[in-house]
Amino acid sequence: MFTTGSKLLIGSSVLATVAAVVYGITQNEALGIVGLVSVACAMAFLAGVNMWAADSNLSALDTTAVATSEASDDPPGASIWPMVFAVGAAAVVLGLVSQQSIFTIGLVILLAAGAQWAVQAWAESASTDSTTNAAVRGRLANPLEYPLLGAFAVGGIAYALSRIMLWLSKTNTIIAFVVLATVIACIAFIFAARPSVKRGAIGGALTLGAVAIVAGGVAAGVDGERDIHVHETIAADSALFCDSPEHFEIDKGASQTVSTKSNTYTISLTAAGNLEFDVPGPVDPGAEAISLPRSNANNIVFRNDSGEARRLTLDLGPAPEEKAPAEAAAAEEGHGADESHGDKSDRNLTCTSLVEDGGAQLITVKFAEPSFAYADDAEAYRFYVPGTEAEIDVVVP
């Protein structure tokens, strides 16, 4: 049976086919032919669907069809998810040819919108009552939507606050958040003191505050972070700190005491400017070098009794990128102790912070190689105190 709709669609398909043939004969241009043939195929497909559905035609004499036919069902509710799904699909395609981050965002949007679209379509077919369908959807989707939306909202607000904090100076950050906390406390007190305030007003106030914070975070992020002073660290240039007796910023606030520890080695700088050491267990009489085990963490306490602020430095030999094999070092001509220790930039150094007179600090070190791995004494391990002549050789079996 050809219904009115199917007749119109079939006619449109035939007309597009004829137009494609005429256009191809007269113009001989492929793009136009492809377009008209595509239109003809689409119209033919829609005509077939319309014929299968019988154009939803009902007999005027069928009084029961008013309540039983598919045409009597409530139309599906308005939904934004198809459009969001299309945006996600476009982002996925764009991300495939541009950036991975765009592809990832598009994939997340695609999956979320697809799930929401599927749940809504399923819920709308649960019954003929739209209220019941909405309740069915809520029971299925709300346990997932509310926690995720809450997490996104809290995360977005927290990130916006972090951008604001990095934009403001340290003093203004404290002032701004004290003011913000005061405003929030006052609003909460007003709502608590007046129970008659409508829930819509409370929700509106919260929404307005969240939007203001997010907008402030966006503006602060676009403007950029404040200039943050980079503090010096030993890792940045160990030779700069460890080979100097001067006071650096990293030395500020350094601890000057060490709690009681077991199995520690002690190195003391005396008032006479000499280094003395003590180890767990007996020490051989007349020993001039401290012996430390290899491949274990050695805890060494440095005590300063010299009367001036000093640091203890451990020379671990040549820096890894400068270190040569023992045979090559032994064969090198003119290599002496003074030359080896003269340029500290190619030495592997570690040290304590500056220790005040009477103070103590702990340094932990692990040796990867024994002492005999080096060709001569100039390459060996040693403790020394910058600015003095005090030093102790280290023997690592």
Side-chain angles (χ1 to χ4, degrees), residues 232-248 250-251 254-258 261 263-270 273-280 283 287-306 308-324 326 329 337-356 359-397:
E232 298 169 337
T233 62
I234 291 180
D237 189 351
S238 60
L240 174 65
F241 300 97
C242 294
D243 198 39
S244 173
E246 298 180 3
H247 191 284
F248 293 92
I250 193 174
D251 296 316
S255 174
Q256 302 295 324
T257 59
V258 178
K261 300 180 181 294
N263 297 325
T264 58
Y265 299 81
T266 303
I267 297 179
S268 302
L269 180 62
T270 65
N274 299 320
L275 282 178
E276 299 179 352
F277 63 89
D278 186 21
V279 300
V283 180
E288 297 181 355
I290 183 172
S291 180
L292 299 173
R294 179 165 55 99
S295 300
N296 291 328
N298 300 287
N299 295 317
I300 303 164
V301 177
F302 172 57
R303 301 189 182 279
N304 181 21
D305 299 319
S306 64
E308 298 181 20
R310 298 293 183 184
R311 75 175 81 248
L312 178 68
T313 300
L314 172 59
D315 187 343
L316 293 169
E321 62 273 14
E322 300 291 340
K323 183 176 178 181
D338 293 339
E339 180 185 354
S340 171
H341 296 305
D343 182 11
K344 296 301 178 181
S345 62
D346 58 356
R347 306 296 294 180
N348 187 11
L349 305 180
T350 184
C351 60
T352 66
S353 299
L354 210 61
V355 180
E356 302 295 337
Q361 280 193 23
L362 179 70
I363 181 173
T364 301
V365 63
K366 181 186 292 186
F367 298 93
E369 297 178 342
S371 301
F372 58 77
Y374 297 98
D376 51 44
D377 293 339
E379 300 287 345
Y381 305 128
R382 66 166 186 150
F383 282 106
Y384 68 96
V385 178
T388 71
E389 298 296 329
E391 68 175 63
I392 296 178
D393 291 332
V394 180
V395 176
V396 179

- Query: So do the side chains of Leu316 and Thr350 get within less than 4.5 Å of each other, counting heavy atoms only?
  - Reply: yes
- Task: Go through Phe383 and Thr313 one step at a time and tell me if the side chain to side chain contact (heavy atoms under 4.5 Å, CB included) criterion holds.
- Result: CA-CA 6 Å; Phe383 282 106; Thr313 300; over 6 Å; no
- Would you call Gln256 and Val355 a side-chain contact if the rule is heavy atoms closer than 4.5 Å? yes
- Query: For Glu356, what residues pass the salt bridge (Lys or Arg N to Asp or Glu O under 4.0 Å) criterion, not counting sequence neighbours?
  - Reply: none
- Query: Any side-chain heavy-atom pair from Glu288 and Phe277 closer than 4.5 angstrom?
  - Reply: no
- Task: Would you please name every residue forming a side chain to side chain contact (heavy atoms under 4.5 Å, CB included) with Ser268, sequence neighbours left out?
- Result: Thr266, Arg303
- Message: Among residues at least two apart in sequence or on other chains, which ones pass ring pair (Phe, Tyr, Trp, His ring centres under 6.0 Å) with Phe367?
- Response: Tyr381
- Residues that Glu308 engages under side chain to side chain donor-acceptor pair (under 3.5 Å), provided they are two or more places apart: Arg310
- Message: Measuring only between side-chain heavy atoms, which start at C-beta, is Asp243 closer than 4.5 Å to Leu349?
- Response: yes
- Are Thr270 and Asp305 side-chain neighbours, meaning at least one heavy-atom pair lies under 4.5 Å? no
- Task: Would you mind reporting whether Pro245 and Pro386 have side-chain heavy atoms less than 4.5 Å apart?
- Result: yes
- Message: Working to the nearest 0.5 angstrom, can you tell me the gap between Leu275 CG and Ser306 OG?
- Response: 9.5 Å
- Task: Give a yes or no on whether the backbone of Thr257 and the side-chain of Gln361 come within a donor-acceptor separation of less than 3.5 Å.
- Result: no
- Task: Could you tell me whether the side chain of Thr264 and the main chain of Ile300 form a donor-acceptor pair under 3.5 Å?
- Result: no
- Item | Residues in side chain to side chain contact (heavy atoms under 4.5 Å, CB included) contact with Thr364, at least two apart in sequence or another chain | Ala297, Asn299, Leu362
Which pairs of donor and acceptor atoms, one on a side chain in residues 388-397, lie under 3.5 Å apart (sequence neighbours left out)?
| from | atom 1 | to | atom 2 | distance (Å) |
| --- | --- | --- | --- | --- |
| Thr388 | OG1 | Val385 | O | 2.8 |
| Thr388 | OG1 | Ala390 | N | 3.3 |
| Glu391 | OE1 | Arg382 | NH1 | 2.5 |

- Mind checking whether Leu292 and Tyr265 have side chains closer than 4.5 Å, heavy atoms only? yes
- Mind checking whether Pro293 and Asn298 have side chains closer than 4.5 Å, heavy atoms only? yes
